[in-house]
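This is a predicted model, so every value here is computed, not measured.
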Amino acid sequence: MSHYTKQDILRMVEEEDVEFIRLQFTDLFGTLKNVAITKNQLERALNNQYVFDGSSIEGFARVEESDMYLYPDPDTFAIFPWRPQQGKVARIICDVYAANEKPYKGDPRGVLKKVIAQAKEMGYDFQVGPECEFFLLNTDDEGNPTLETKERAGYFDLGPNDSGENARRDIVLTMEDLGCEIEASHHEVAAGQHEVDFKYKEALGIADDFMTFKLAVKTVAKRHGLFASFMPKPKAEVAGSGVHLNMSLTRDGENIFYDPSGRYGLSKEAYYFIGGIMKHIQGMTLILNPLVNSYKRLVPGYEAPTDVAWSFTNRTPLIRIPMVKDSNKRIELRSPDPSMNPYLALALCLAAGLDGIKNQIKPPAEVQMNVFAMTEAEKETLNIAHMPESLKEAIDAFEEDEFVQSVLGSHICKKLLKMKKQEWETYRSQVTNWELEEYLYKF
């Protein structure tokens, strides 16, 4: 990550002919927000003097305490490559502060920064490399998204079957123009489904990059006449979209998950980290898989994990240990989906892993079998727990895990639970097309 001063930003804005700067932040539910200012107002913003109405942002402040401040992080300055080259548009990601000029308790970025600080006190830096899946879909004559795609490509296919590869290439190049390093990209299993893999870096930068990525993908897709969707499961008959989180801890630049004498080359800290995540994963799932639709992906038969287990190389459990060498040792969490708020998701993953290290929580025995093929009796014998199967089960698990709630804080938990319970009740009252097809003529 670049290290810019206020003067660096002002100089670059002049030299690059930037006319508008978007002050960006992320709301409680992982939606990117922004306000655009002209370059004449930039110095005031860089002095942390920009005030906005937080009561209008879902999950933020009440009307009687609505004045909030945006504190720009100069290191996140980037120029949008898809905007005009004269009178350019740039962005700066901001932290949210309350009227008392203290960090706002409902700011997801602030939650992650707090947990990162705790890790640093223990001597650790948190490194993350996401693998993000999404769909590129056709639009109708009015530009509205459909569920259709002209291409019929499959896993790792290439053109001409993969007619989305040009858009995917432009997405990668755009991300690089924005200063985000991409390691690989390819077509995924379902028609119209793609994956982009991030080069690992420290967690705050990755969370910022993830939000930038979703904006860039949607923008580039639209330029190609397509619609990009990060909905976890847009089609019932094909695989959903997930985000595999590759995680490791470093100390003084050295990967502490690596131990040549350990089983699979993993250190005891790595196993404790796994133990902490497995202990809290059910309570974390409301954040990692926050939508009603998320649980349409977490079903057997589509590669997404449905049970709390771990394995070396086996891709059916919740956590996998990739077959990599030495300093690249890491653990891969396979349950999250791209509708997650990356700041809250990474904060919980790190906090749970640190809890495992602090309390030396050992994970259960490795499961080498195909978990999807195991019977319930076999799972019960091995004490393999289920992941939550619905948003309601995830809400219940969240409310039962006091540690997870303590990481997010009472302010976020209260607002999150209120909105998610409303979402579940609204969903429960709906009558779906499947129900009409199944029951209307039969009863």
- request: I would like to know whether I395 and L417 meet side-chain contact (heavy atoms from CB on, under 4.5 Å); could you show each step before the answer?
  value: CA-CA 7 Å; I395 291 170; L417 285 169; 3.9 Å; yes
field: Derivation and outcome, side-chain contact (heavy atoms from CB on, under 4.5 Å), residues Y50 and C94
entry: CA-CA 11 Å; Y50 188 85; C94 302; over 6 Å; no
- request: Start with the C-alpha distance between T285 and M387, add both sets of side-chain angles, then the distance that settles side-chain contact (heavy atoms from CB on, under 4.5 Å), and finish with yes or no.
  value: CA-CA 8 Å; T285 298; M387 296 285 288; 3.7 Å; yes
Derivation and outcome, side-chain contact (heavy atoms from CB on, under 4.5 Å), residues I287 and V404: CA-CA 10 Å; I287 302 300; V404 167; 5.5 Å; no
- request: List the steps, then state whether side-chain hydrogen bond (donor to acceptor under 3.5 Å, both in side chains) holds for R169 with S185.
  value: CA-CA 8 Å; R169 180 198 62 214; S185 67; over 6 Å; no
- request: Mind running side-chain hydrogen bond (donor to acceptor under 3.5 Å, both in side chains) on D177 and T174 for me, showing each step along the way?
  value: CA-CA 5 Å; D177 286 343; T174 298; 5.3 Å; no
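Remark: S406 pairs with F403 by the side-chain contact (heavy atoms from CB on, under 4.5 Å) rule, at least two apart or across chains. Under the side-chain contact (heavy atoms from CB on, under 4.5 Å) criterion, T432 pairs with W434, E435, sequence neighbours left out. Partners of D307 according to the side-chain contact (heavy atoms from CB on, under 4.5 Å) rule, which considers only residues two or more places apart in sequence or in another chain, are V371, K379, I384, H386. Judged as a side-chain contact (heavy atoms from CB on, under 4.5 Å), and not counting sequence neighbours, the contacts of P234 are F135, L147, M231. Looking at residues two or more places apart in sequence or on another chain, you find no ring-ring contact (aromatic ring centres under 6.0 Å, His included) involving Y295. Legend: residues meeting ring-ring contact (aromatic ring centres under 6.0 Å, His included) with F198, ordered by chain and number and at least two apart, are F213. Checked against ring-ring contact (aromatic ring centres under 6.0 Å, His included), Y343 has no partners two or more places apart in sequence or in another chain. Residues forming a side-chain hydrogen bond (donor to acceptor under 3.5 Å, both in side chains) with R223 (at least two apart in sequence, or on another chain): none.
More than 12 heavy-atom neighbours from other residues, nucleotides or ligands sit within 6.0 angstrom of CD on E183. Remark: E176 CD is packed, more than 12 non-hydrogen atoms of other residues, nucleotides or ligands lying under 6.0 Å away. For E15, the CD atom sits in a packed shell: over 12 heavy atoms of surrounding residues, nucleotides or ligands are nearer than 6.0 Å. For CG of N433, the number of neighbouring non-hydrogen atoms (other residues, nucleotides, ligands) closer than 6.0 Å is 12 at most. In this structure, Q422 places its CD atom where more than 12 heavy-atom neighbours from other residues, nucleotides or ligands lie under 6.0 Å away. Heavy atoms from other residues, nucleotides or ligands lying under 6.0 Å from NZ of K392 number 12 at most.
Contact of the E16 side chain with the I79 side chain is registered, since non-hydrogen atoms from C-beta on lie closer than 4.5 Å. Side chains of L350 and I116 form a contact here, defined as non-hydrogen atoms less than 4.5 Å apart. The side-chain heavy atoms of Y124 and I357, taken from C-beta on, include a pair separated by under 4.5 Å. Residues V111 and P108 are not in side-chain contact: their nearest non-hydrogen atoms beyond the backbone lie 4.5 Å or more apart. Counting heavy atoms from C-beta outward, L46 and I92 have side chains that approach closer than 4.5 Å. Between S241 and R297, every side-chain heavy-atom pair lies at or beyond the 4.5 Å cut-off. I206 has its side chain out of reach of Y200: every pair of non-hydrogen atoms, C-beta onward, lies at least 4.5 Å apart. L391 has its side chain within reach of L286: a pair of non-hydrogen atoms, C-beta onward, lies under 4.5 Å apart.
Side-chain polar atoms of D73 and T76 form no donor-acceptor pair below 3.5 angstrom. Checking K6 against N47 by side-chain atom types alone, a donor-acceptor pair falls below 3.5 Å. With hydrogens and angles left out, the side-chain atoms of H186 and E195 include a donor and acceptor closer than 3.5 Å. A side-chain N or O of D355 and one of N359 form a donor-acceptor pair less than 3.5 Å apart.
With hydrogens and angles disregarded, no donor-acceptor distance shorter than 3.5 Å links the side chain of Q24 to the backbone of L32. A donor-acceptor pair under 3.5 Å is absent between the side-chain atoms of K222 and the main chain of F227, judged by distance alone. Side chain of E202 to backbone of L204: a donor-acceptor contact under 3.5 angstrom is found. Within the 3.5 Å criterion, the main-chain N or O of L215 finds a donor-acceptor partner in the side chain of T219. Checking side-chain atoms of N48 against main-chain N and O of Y69 turns up no donor-acceptor pair under 3.5 Å.
Note on residues 78-97: pairs passing ring pair (Phe, Tyr, Trp, His ring centres under 6.0 Å), not counting sequence neighbours, are Y71-Y97, F80-W82. Under the salt bridge (charged side-chain N to carboxylate O under 4.0 Å, His left out) criterion, the residue pairs touching residues 328-342 are R320-E332, E332-R334, with sequence neighbours excluded. Residue pairs that meet the salt bridge (charged side-chain N to carboxylate O under 4.0 Å, His left out) test with at least one member in residues 398-414, sequence neighbours left out, are E399-K421. The list of salt bridge (charged side-chain N to carboxylate O under 4.0 Å, His left out) pairs with a residue in residues 116-141, not counting sequence neighbours, reads K120-D125.
Paired with D95 under the rule salt bridge (Lys or Arg N to Asp or Glu O under 4.0 Å), one option of K114, K113, K102 passes, and it is K113.
Taking SG of C132 as the reference point, atom CZ of F230 lies at 5.0 Å (rounded to 0.5 Å). To the nearest 0.5 Å, the span separating NZ on K218 from CD1 on I171 amounts to 11.0 Å. Distance check, rounded to the nearest 0.5 Å: CD1 of I274 to CE of M247 gives 9.0 Å.
Both the sub-6.0 Å distance and the 45° axial angle are not jointly satisfied by K39 relative to the ring of F20. Cation-pi geometry between K362 and Y271 is not met at under 6.0 angstrom from the ring centre and within 45 degrees of the axis.
If you look at F257 and F273, their ring centroids are closer than 6.0 Å.
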